[in-house]
Amino acid sequence: MSATLQVTAFGLALLSTFFLLLATCTDCWMVNADDSLEVSHKCRGLWRECVTNMQDGVRTCDQYDSILADHPVKIMVTRTLMITADLLAGLALAMLVLGLDCIMFLKEDPCVKLKMCYGAGVILGTGSILGLVGSVWYAVDVYVERAMLVSHNIFLGVHYDFGWSCWLGMAGSTGCFVASVLLTCCLY
């Protein structure tokens with residue numbers, strides 16, 4: 001039972017960490033949600049803004065000036081939280097691999113292996129909370145920005161909505177949290 005639970009938690013943590021890394025690296029946190037006939041599709045991410053021409057499929061991206069330049073708070077906070085979540089999830093995966101019962105490392109001391117799995121669950125839970133806060137922070141800021149424009153009757157021609165990278169960050173964080181619960185609560 002314990003080995004099956006460990007392998008299930010490891011598989012879920014591995015997939016969720018991949019989702020977190022993919023969400024951090026991709027550039028579609030906000031997409032244009034204009035209902036009119038658009039000739040281009042715009043995405044804004046944490047690192048750059050991309051425009052795809054819908055007629056010929058040509059995609060051009062503009063990198064943000066510098067990582068240290070003045071950026072909106074939502075980008076800076078989300079970058080920080082997502083990178084920290086990625087690092088913690090990676091550390092937890094490494095720790096979890098060493099703590100799995102099917103790995104020969106420290107085979108003679110199962111108590112230490114169990115503590116390693118528990119510690120990996122705690123670290124994974126911390127990373128998942130940071131990733132979820134970062135993703136939700138960005139999504140809420142996009143919603144508030146759009147609501148402010150609508151409430152003031154300002155139409156800029158393009159309205160942005162949550163992109164697939166934002167949803168991927170939320171899904172990865174939720175998966176890491178579930179894996180953390182499996183490792184910390186159900187393993188004992």
Side-chain angles (χ1 to χ4, degrees), residues 1-31 43-48 50 64 67 71 73-143 161-188:
M1 175 69 176
S2 175
T4 306
L5 190 61
Q6 286 177 350
V7 171
T8 303
F10 174 74
L12 183 60
L14 184 66
L15 181 67
S16 300
T17 301
F18 176 71
F19 284 172
L20 276 175
L21 286 169
L22 196 61
T24 304
C25 296
T26 54
D27 55 4
C28 210
W29 281 75
M30 281 174 37
V31 295
C43 283
R44 286 187 184 168
L46 302 177
W47 312 102
R48 62 185 174 198
C50 295
Y64 295 144
I67 209 170
H71 294 292
V73 173
K74 72 177 171 190
I75 289 179
M76 297 301 290
V77 169
T78 305
R79 278 181 184 174
T80 304
L81 290 172
M82 292 302 290
I83 290 172
T84 307
D86 293 342
L87 292 173
L88 287 174
L91 175 66
L93 274 178
M95 196 172 187
L96 181 57
V97 165
L98 296 175
L100 290 176
D101 286 338
C102 57
I103 303 297
M104 293 304 211
F105 183 74
L106 293 173
K107 194 67 171 175
E108 64 279 351
D109 199 356
C111 184
V112 172
K113 289 180 80 71
L114 193 60
K115 287 180 182 178
M116 288 180 77
C117 286
Y118 182 77
V122 170
I123 294 170
L124 197 61
T126 305
S128 71
I129 290 170
L130 293 176
L132 196 59
V133 167
S135 299
V136 171
W137 168 282
Y138 197 93
V140 166
D141 198 58
V142 169
Y143 175 77
D161 206 357
F162 316 133
W164 60 271
S165 296
C166 188
W167 292 111
L168 199 60
M170 288 181 204
S173 298
T174 304
C176 283
F177 186 75
V178 170
S180 170
V181 168
L182 287 176
L183 289 170
T184 55
C185 298
C186 301
L187 199 57
Y188 286 108

The reported gap from CG in Leu93 to CZ in Phe10 (rounded to nearest 0.5 angstrom) is 6.0 Å

Side-chain polar contacts of residues 82-89 - donor-acceptor pairs under 3.5 angstrom, sequence neighbours left out - could you list them?
{"residue": "Thr84", "atom": "OG1", "partner": "Thr80", "partner atom": "O", "Å": "2.7"}
{"residue": "Asp86", "atom": "OD2", "partner": "Thr24", "partner atom": "OG1", "Å": "2.8"}

Using modelled atom types and a 3.5 Å cut-off, is there a donor and acceptor pairing between side-chain atoms of Ser173 and backbone atoms of Gly169?
yes

What are the two closest non-hydrogen atoms of Gln6 and Gly99, and how far apart are they?
NE2-O, 4.0 Å

Report yes if some heavy atom in the side chain of Phe162 is under 4.5 Å from a heavy atom in the side chain of Trp29; otherwise report no.
no

Can you tell me how far apart NZ (Lys74) and CZ (Arg79) are? Round to the nearest 0.5 Å.
12.5 Å

Nearest 0.5 Å please: distance from the CG atom of Leu100 over to the CE atom of Met95.
12.0 Å

Taking atom OG of Ser16 and atom CG of Leu21, what is their separation to the nearest 0.5 Å?
11.0 Å

Run the side-chain donor-acceptor check on residues 122-141: report pairs under 3.5 Å with partners two or more places apart or on a different chain.
{"residue": "Thr126", "atom": "OG1", "partner": "Val122", "partner atom": "O", "Å": "3.0"}
{"residue": "Ser128", "atom": "OG", "partner": "Leu124", "partner atom": "O", "Å": "3.4"}
{"residue": "Ser128", "atom": "OG", "partner": "Gly125", "partner atom": "O", "Å": "2.7"}
{"residue": "Ser135", "atom": "OG", "partner": "Gly131", "partner atom": "O", "Å": "3.0"}

Would you say that more than 12 heavy atoms from the other residues, nucleotides or ligands in this model lie under 6.0 Å from the CZ of Phe177, or not?
no

Between Lys113 (side chain) and Leu98 (backbone), is there a donor-acceptor pair under 3.5 Å?
yes

Neighbour count above 12 (heavy atom, 6.0 Å) for Trp164 CH2
yes

Is the distance between the SG atoms of Cys50 and Cys43 less than 2.5 Å?
no

Nearest heavy-atom neighbours spanning Thr184 and Gly121
CG2-C, 3.6 Å

State the CZ-CD1 distance between Arg44 and Ile75, to the nearest 0.5 angstrom.
8.0 Å

Heavy-atom closest pair (Val31 atom, Cys28 atom, distance to 0.1 Å) is CG1-SG, 3.1 Å

Which heavy-atom pair separates Thr26 from Ser165 by the least distance, and what is that distance?
OG1-OG, 2.5 Å

Can Leu114 and Tyr118 be said to form a side-chain contact (heavy atoms from CB on, under 4.5 Å), step by step?
CA-CA 6 Å; Leu114 193 60; Tyr118 182 77; 6.0 Å; no

Worked verdict on Asp27 versus Leu46 for side-chain contact (heavy atoms from CB on, under 4.5 Å)
CA-CA 6 Å; Asp27 55 4; Leu46 302 177; over 6 Å; no

